[in-house]
Amino acid sequence: MLTSTTIAATPRLFLRTPPRPAHNRYAGLTEPRSHTGGLSSSGGLSSPAGLHRRPWLARLRRALEEQLFVLHYQPIVSLRDGSVSHYEALVRLADDPGGQLVAPGRFLPAAERYGLVREIDRMVLGKVATLLAGEHGERGVRIAINCSSLSITDGGMLAEIEAQLALARVDPAQLVIEVTETAAISDMARAQAFCAGVQALGCAVALDDFGAGFGSFQYLKHLPFEYLKIDGDFIRGLPASPKDQLVVKALVELARGMGKQTIAEYVGDAATVELLRDFGVDYAQGFEVGRPQSAVPLAV
């Protein structure tokens, strides 16, 4: 049964403003698309916005051909005993002339716009499957990967996951698939079938960035999952925000009632860790508990 705390916190999940641009992985997708799936006249390649983005098409194709994408791995840590539950694979682009890695917020919007995000998703899956096929797999390391809305709804990603795991002889239980609200909202029926299929393979499903959109509770009703990842917009600044504290408490109670586990994203300080532990959040992810690294340590 939901308490008065839950009821008091619920409206914000539907009426809150969108996440800040720095946190919104889909920031930059501002030009509408036509009903045929192409760019509309207001955002076509001949427009200033299109001309500004067009260099990304060749750049991303080259990166895929020359394998210029690299993965970093960030731990997701138990707030009960400090152990690592699993790692999230985070993709970076290594084609900057100055040697700096390009963050996903800069290239993923363009990858989605040009339909190349499916190839990036499959590339990440292949790299992770290869990693788990070796000594990491033998030691039971678990890794989460993100699936974009295009991959979830195109009908081919589920078969690709099954094929890659079989080819690498990886235990499906070592793979976690993260699905964002934006991915689910584009086609709920396909998202539901995808999540159910992932679970049937033996992989876990995590609902990522939960609370970032307007239909959060609809996803809880229709999508099968194991982990609920609380959107970082509720976590950053948590110690100073009574409203965010109410929301986090309500989400923990809700998840517990459904028999699910919670993960807090963007955990950046010790005070937040203590609050999350007090609220009963199961796991934390963020700089305070572990920064992304270029390799997964074998001692886990």
Side-chain angles (χ1 to χ4, degrees), residues 1-20 23-25 74-88 142 144 146 176-185 195 199 204-290:
M1 177 180 297
L2 296 181
T3 67
S4 59
T5 299
T6 304
I7 295 171
T10 297
R12 185 176 172 201
L13 294 181
F14 290 92
L15 301 177
R16 62 191 284 265
T17 58
R20 290 183 284 271
H23 178 56
N24 184 1
R25 71 183 61 194
Q74 186 170 31
I76 295 172
V77 177
S78 169
L79 288 172
R80 180 177 56 85
D81 60 15
S83 63
V84 175
S85 168
H86 55 284
Y87 295 82
E88 181 179 356
R142 300 168 68 229
N146 287 276
V176 179
I177 303 297
E178 295 195 358
V179 177
T180 67
E181 291 187 0
T182 306
I185 202 171
C195 291
Q199 288 185 325
V205 174
L207 295 188
D208 196 15
D209 296 337
F210 187 81
F214 292 95
S216 299
F217 286 101
Q218 184 181 11
Y219 305 127
L220 292 183
K221 179 178 179 180
H222 294 290
L223 297 181
F225 67 98
E226 284 76 27
Y227 299 104
L228 187 153
K229 298 189 73 173
I230 302 171
D231 181 65
D233 198 42
F234 293 112
I235 305 302
R236 292 176 297 187
L238 183 68
S241 174
K243 290 182 179 180
D244 286 337
Q245 293 174 27
L246 285 173
V247 172
V248 172
K249 289 178 183 178
L251 290 179
V252 170
E253 182 179 353
L254 185 62
R256 278 183 175 175
M258 300 179 69
K260 311 301 182 182
Q261 295 183 301
T262 49
I263 301 171
E265 302 179 295
Y266 288 81
V267 178
D269 55 67
T272 299
V273 170
E274 289 305 312
L275 271 179
L276 294 172
R277 187 178 288 118
D278 290 342
F279 294 165
V281 174
D282 296 294
Y283 303 100
Q285 180 179 4
F287 281 8
E288 177 64 22
V289 296

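Scope of the values below: all heavy atoms of this structure, side chains included, with no hydrogens, waters or symmetry mates. These numbers come from a predicted model, not from an experiment.
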By side-chain contact (heavy atoms from CB on, under 4.5 Å), which residues pair with A271, not counting sequence neighbours?
P239, D269
Heavy-atom nearest pair, C195 first then V179, reads SG-CG2, 4.0 Å
Evaluate the criterion side-chain contact (heavy atoms from CB on, under 4.5 Å) for residue pair L238 and L276; output intermediate values, then yes/no.
CA-CA 9 Å; L238 183 68; L276 294 172; 3.8 Å; yes
Any residue meeting side-chain contact (heavy atoms from CB on, under 4.5 Å) with R277, in chain and number order, not counting sequence neighbours
L79, V273, E274
All heavy atoms of E178 vs all of A144, minimum pair found to be OE2-CB, 3.7 Å
Look at the side chain of D282 and the backbone N and O of T262, then say whether any donor-acceptor pair between them is shorter than 3.5 Å.
yes
Validation row: E265, D208 side chains within 4.5 angstrom (heavy atoms):
yes
Nearest non-hydrogen partners of I235 and Y266, listed with the distance:
CG2-O, 3.7 Å
Using the rule given for side-chain contact (heavy atoms from CB on, under 4.5 Å), can you reason through V176 versus E88, listing the C-alpha separation, both sets of side-chain angles and the distance that settles it, and then say yes or no?
CA-CA 9 Å; V176 179; E88 181 179 356; over 6 Å; no
Which pair of heavy atoms, one from V252 and one from F279, lies closest together, and at what distance?
CG1-O, 3.4 Å
Do the side chain of E226 and the main chain of Q261 share a donor and acceptor less than 3.5 angstrom apart?
no
Going by ring pair (Phe, Tyr, Trp, His ring centres under 6.0 Å), name the residues that satisfy it together with Y227, two or more places apart in sequence or in a different chain.
H86
